[in-house]
> 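Structure provided below as structure tokens; questions to follow.
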Number of protein chains: 2
Amino acid sequence: MKVSSQEEYGLRCLVQLARLPQGESLTLSQMAEREGISTANAGKLLWILNKAGLVQSHRGTKGGYHLARPASEIRLSEVIKVLDEDAVQEHCKSYTGVMDVCIHTGDCGIRPVILGLHEIVQNALSEITLAELIGTEANVDETLHQIQGLQQHFGRTHKSA
Amino acid sequence: MKVSSQEEYGLRCLVQLARLPQGESLTLSQMAEREGISTANAGKLLWILNKAGLVQSHRGTKGGYHLARPASEIRLSEVIKVLDEDAVQEHCKSYTGVMDVCIHTGDCGIRPVILGLHEIVQNALSEITLAELIGTEANVDETLHQIQGLQQHFGRTHKSA
DNA sequence: GCGATACATTACTTTTTTGTCAAGATTAGG
DNA sequence: CCTAATCTTGACAAAAAAGTAATGTATCGC
């Protein structure tokens, strides 16, 4: 249960684009250098984001990338989904409908936990937009902590009840 | 951001052990067969769980594994932590104190998000014990959905406020 | 004690994920 | 139209994760 390299660096590049003044753009090499990855690697990530409609590119001498939408309309949940959809087919086929290759019975009890975790993460991520991420970092931090606080509170009352 | 193979199968084996009547145990081959993995692979996972003090083994003809503690005292957060600690060093050294190998500045804005996500996942997992997982699967499902509900509610009020 | 059973541990192989390279395609500017 | 800058794309290489094999060690039952 960890954030993959592709997810992290893809997100980092998006953050750079989100910080640009309206109308400007960045090249692959600019983004790559700032993040400490190779241009080729950045190219791959940005291409994924491009395919997914999160960024737009234009080629040629004055080319580069810019966000396809305002940063306030890009949720981290979408970013993460897109970035690991690309490299990853679901780790257990029984979750994707191909039942015949999976030995586990439907009521093994673990499946709802794994699916539930995914939802929890997606919910948390859907509460944060790129704009929040770059605008007020303290705010994001606060948001995350408040969500955590609610969870803990819920857990306690749930148990004691 | 996904559950690794090791995490899933390690947890599955624990669930099997948690379902045993007090005093009984299971061998590697029994667990392996039920989960559709090789005995060797199960051996590796159980060894990790053993090192971590979650299960106990005994060798010989009547050997096998059993939980080291009551299932009600084993939280999924601990299980997951142990299972990916083994194979994984943190994916970005800047998060672990080795700052000099990481190009990213401290205020890049992404770090708190990644760390926060980990906490959210850990918090959710710490609310579920092995006992809950095997006893009342519906209950776990409900717990997860209630946590999600709180998050969504929080998100909405937070935004509209 | 002896042999069978089963865990322990290390080394190795395969697969998956990451990252790199290189040749092609598109655009701006002269 | 030509060149330089830049994205595009597929093939390839390196690293990490997952899984396998094999050898060793402990325990039980006879």
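Values in this document were obtained by computation on a predicted structure and should not be read as measured data. Naming: A, B, ... by sequence-line order, numbering from 1 per chain.
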> Which heavy-atom pair separates Ser72(A) from Thr129(A) by the least distance, and what is that distance?
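Shortest heavy-atom separation between Ser72(A) and Thr129(A) comes out as O-CG2, 3.5 Å.
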> Round to the nearest Å and state the distance from Tyr65(A) atom OH to dT27(C) atom P.
14 Å
> In whole angstrom, what separates Leu46(A)'s CG from dG19(C)'s C1'?
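From Leu46(A) CG to dG19(C) C1': 15 Å.
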> On the nucleotide dA16(D), are OP1 or OP2 found under 4.0 Å from the side-chain N or O atoms that Lys2(A) carries?
no
> So what is the end-to-end bend of the helix from dG1(C)-dC30(D) to dG30(C)-dC1(D), with 5 pairs used at each end and the value given to 10 degrees?
10°
> Restricting to non-hydrogen atoms, name the atom on Val3(B) and the atom on Glu8(B) that form the minimum distance, rounded to 0.1 Å.
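Heavy atoms of Val3(B) and Glu8(B) come nearest at CG1-N, 4.0 Å.
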> Starting at NZ of Lys51(A) and ending at C1' of dC7(D), how long is that distance when rounded to a whole Å?
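My rounded result for the distance is 15 Å.
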> Measure CG/Leu45(A) against P/dC7(D) and give the value in whole Å, please.
13 Å
> Should Ser29(A) be listed as having a side-chain N or O under 4.0 Å from OP1 or OP2 of dT6(D)?
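Answer no for this pair, as no side-chain N or O of Ser29(A) is under 4.0 Å from OP1 or OP2.
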> Show your working on side-chain contact (heavy atoms from CB on, under 4.5 Å) between Ile37(B) and Leu45(B) and close with a plain yes or no.
CA-CA 11 Å; Ile37(B) 60 180; Leu45(B) 298 175; 4.2 Å; yes
> Checking all strands, does Ile37(B) fall into the base, sugar-phosphate, or nothing category for heavy-atom contacts under 4.0 angstrom?
nothing
> Output all residues satisfying side-chain hydrogen bond (donor to acceptor under 3.5 Å, both in side chains) with Gln122(B), sequence neighbours left out; order by chain, then residue number.
none
> Are Gln6(A) and Asp84(A) side-chain neighbours, meaning at least one heavy-atom pair lies under 4.5 Å?
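Heavy-atom side-chain distance check fails, nothing below 4.5 Å.
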> How many Å lie between CD on Gln6(A) and C1' on dT20(C), as a whole number?
14 Å
> Atom pairs under 3.5 Å, N or O on each side, protein against nucleotides 3-5 of chain D: can you list them with distances?
| residue | atom | partner | partner atom | Å |
| --- | --- | --- | --- | --- |
| dA5(D) | O3' | Thr61(A) | O | 3.3 |

> Do any side-chain atoms of residues 55-62 of chain A form donor-acceptor pairs under 3.5 angstrom with protein atoms, and if so which ones, sequence neighbours left out?
| residue | atom | partner | partner atom | Å |
| --- | --- | --- | --- | --- |
| Ser57(A) | OG | Asn50(A) | ND2 | 3.3 |
| His58(A) | NE2 | Lys62(A) | O | 3.1 |

> Taking side chain to side chain contact (heavy atoms under 4.5 Å, CB included) as the test, write out the residues that go with Ala52(B), two or more places apart.
Val82(B)
> Salt bridge (Lys or Arg N to Asp or Glu O under 4.0 Å): which pairs involve residues 46-55 of chain B, sequence neighbours left out?
Lys51(B)-Asp86(B)
> NZ of Lys2(B) to CE of Met1(A): how many Å apart, nearest 0.5 Å?
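These two atoms lie 11.0 Å from each other.
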> Listing time: all N or O pairs from protein to nucleotides 9-14 of chain D that are below 3.5 Å?
| residue | atom | partner | partner atom | Å |
| --- | --- | --- | --- | --- |
| dT9(D) | OP2 | Trp47(A) | NE1 | 2.5 |

> Between Gln16(B) and Glu35(B), is the side-chain contact (heavy atoms from CB on, under 4.5 Å) condition met? List the steps.
CA-CA 9 Å; Gln16(B) 287 197 39; Glu35(B) 298 303 344; 2.7 Å; yes
> Whole-Å distance between dT15(C) P and Asn41(B) CG?
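Taking atom P of dT15(C) as the reference, CG of Asn41(B) is at 14 Å.
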> Do NZ/NE/NH1/NH2 and the carboxylate oxygens of Arg69(A) and Glu78(A) come within less than 4.0 Å?
yes
> For His58(A) and dT26(C), give me the distance from atom NE2 to atom C1', rounded to whole Å.
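From His58(A) NE2 to dT26(C) C1': 11 Å.
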> Minimum heavy-atom separation for Tyr65(A) and Leu20(A), please, with both atom names.
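Reported closest heavy-atom pair: O-CD1, 4.4 Å.
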> Is Ser5(A) near enough to dG19(C) that one of its side-chain N or O atoms lies under 4.0 angstrom from OP1 or OP2?
yes
> Is any side-chain N or O of Ser38(B) closer than 4.0 Å to OP1 or OP2 of dT20(D)?
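Answer is yes, contact under 4.0 Å.
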> Round to a whole Å and report the spacing from CG of Asn50(B) to P of dA6(C).
17 Å
